[in-house]
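Numbered from 1 within each chain, the chains take letters A, B, ... in sequence-line order. The shown structure was predicted, so the numbers you read here are calculated from the model rather than taken from an experiment.
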Protein chains: 2
Amino acid sequence: MSDRPPPGTETPARPRRSDATRAAILNAARDRFAAEGYERATIRAIARDAGIDPSMVMRYYGNKEGLFVAATDIDLRMPDLTAVDRDRLGERLVRHFLDVWEHDERLTGMVRVGVTVDAGAERLRSVFRDQLAPVIAAVCPVPDEAAVRAALVGSQIIGMAMARYVVRIPPATGLSHDEVVAWLAPTVQRYLTAERP
Amino acid sequence: MSDRPPPGTETPARPRRSDATRAAILNAARDRFAAEGYERATIRAIARDAGIDPSMVMRYYGNKEGLFVAATDIDLRMPDLTAVDRDRLGERLVRHFLDVWEHDERLTGMVRVGVTVDAGAERLRSVFRDQLAPVIAAVCPVPDEAAVRAALVGSQIIGMAMARYVVRIPPATGLSHDEVVAWLAPTVQRYLTAERP
DNA sequence: TGTGTTGGTCAACGCTTGTTGGCAACGTAC
DNA sequence: GTACGTTGCCAACAAGCGTTGACCAACACA
């Protein structure tokens with residue numbers, strides 16, 4: 001409890017001896033949550049992975065939900081779309097997401113958790129709101145339409161991610177990157193730039 | 001164990017006194033699995049909902065996974081697409097799925113479970129394979145392309161379902177049925193009928 | 001009427017879970 | 001050098017889980 005300095009008066013970044021342990025816990029937690037979902041990822045297993053005692057997890061993160069919140073920071077590494085040819089926005093986005101999904105299995109896991117537990121769903125909503133929506137709003141001429149267009153793009157992207165990486169529907173897993181781009185890019189392009197129907 | 005008659009010699013349909021109980025268990029199981037996912041839905045809670053003892057669940061369905069398998073039959077009630085105008089296939093499909101998703105919350109729940117536990121993912125794959133793919137293959141002129149086209153359609157449909165009903169991303173939940181159809185129908189139509197890119 | 005089958009309850013089992021509190025070793029500041 | 005906060009381990013807790021087996025009541029059938 002006398003662990004973190006009082007919020008607001010936070011000291012710049014005084015390193016603590018336990019920082020390595022904290023990091024190890026977060027790393028193990030991310031992997032376990034991603035691989036097994038919220039319920040099956042036990043504090044005991046996470047602690048074992050991190051090479052410490054389960055009680056340390058409690059001391060540093062309060063309880064399991066606290067650990068989950070601390071462990072799940074999702075970064076989509078969104079590109080700046082204003083620098084992209086207007087008629088290649090769809091292709092650029094689809095390619096980017098294929099890249100992100102494929103290089104960080106934790107994202108798949110976070111979707112898994114986001115679907116199961118409330119705190120996870122809130123995380124996904126915040127990722128949509130803070131990372132995807134703004135980037136899309138920046139290239140949307142009518143500000144009022146930005147949110148809906150972002151949601152549409154998000155729906156197609158997350159749907160393909162579900163099909164390929166989470167549920168693993170065979171025809172979807174068999175597609176090459178180029179094939180996925182060829183099919184999905186026009187969809188995303190239309191959601192971004194087409195007149196509102 | 002001496003419960004079901006030996007498979008193969010199954011007697012036509014002799015009703016058992018316990019049929020009502022069995023049905024009550026399945027109903028309660030469906031609701032609990034849908035609402036809380038596989039892990040949080042406990043056999044004890046399901047039995048309580050059904051008004052019987054937990055041990056009955058074990059007797060009738062062997063174990064928790066057996067109950068899950070028995071409880072999760074998903075019926076998409078797919079329409080016959082061969083009777084639909086070729087250039088309205090997209091609209092027809094999107095409208096159908098909106099209808100199905102909105103009238104059976106259990107579907108949402110099954111996605112939740114399908115994402116979490118292996119047996120659930122297998123269920124989703126079988127639904128895709130046995131219910132969605134055949135219907136789409138029936139209107140696909142090039143048989144070899146049917147599976148991929150079905151997967152593409154499925155990705156957009158399941159993505160919108162995730163956005164609207166599971167994660168509940170605000171801009172997506174705010175869309176009316178007609179708006180969803182207006183945006184998604186052309187996408188699905190293209191996945192179904194457009195030349196392979 | 002007697003006997004085997006079916007539908008159901010009850011109490012307990014072994015196990016895992018998140019969580020807690022006590023206690024030892026270490027480092028640092030006075 | 002002693003007092004104190006930090007870091008860590010250990011052992012235990014209460015609760016909840018899936019699962020089992022003994023036992024009873026009602027029925028079906030001879």
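- One can place CD of Glu36(A) at 10 Å from P of dT17(C), the figure rounded to the nearest angstrom.
- Evaluation of the side chain to side chain contact (heavy atoms under 4.5 Å, CB included) rule for Val180(B) yields Val94(B), Leu98(B), Met160(B), Arg164(B), Leu175(B), Leu184(B) as partners, not counting sequence neighbours.
- Aromatic ring pairs are classed by plane angle as parallel below 30°, tilted from 30° to 60° and perpendicular above 60°; the pair Trp101(A) and Tyr165(A) is parallel.
- A salt bridge is absent between Asp49(A) and Arg30(A): the closest approach of a Lys/Arg side-chain nitrogen to an acidic carboxylate oxygen does not fall below 4.0 angstrom.
- Arg129(B) has a carboxylate O that lies under 4.0 Å from a charged side-chain N of Glu122(B), or vice versa, which qualifies the two as a salt bridge.
- Taking atom CG of Leu67(A) as the reference point, atom P of dT19(C) lies 10 Å away to the nearest angstrom.
- Relative orientation of the Tyr38(A) and Phe68(A) rings is perpendicular, given thresholds of 30° and 60° on the angle between their planes.
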What string of B, S and - do you get for nucleotides 17-22 of chain D 5' to 3' if you count protein non-hydrogen atoms under 4.0 Å? BBSBB-
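- Summarising the geometry, the separation between CZ on Arg22(A) and C1' on dT6(D) is reported as 10 Å, rounded to the nearest angstrom.
- The number of heavy-atom neighbours closer than 6.0 Å to CG of Asp118(A), taken from other residues, nucleotides and ligands shown, is 12 or below.
- Atom pair Ile52(B):CD1 and dC24(D):P shows a separation of 21 Å (rounding to whole Å applied).
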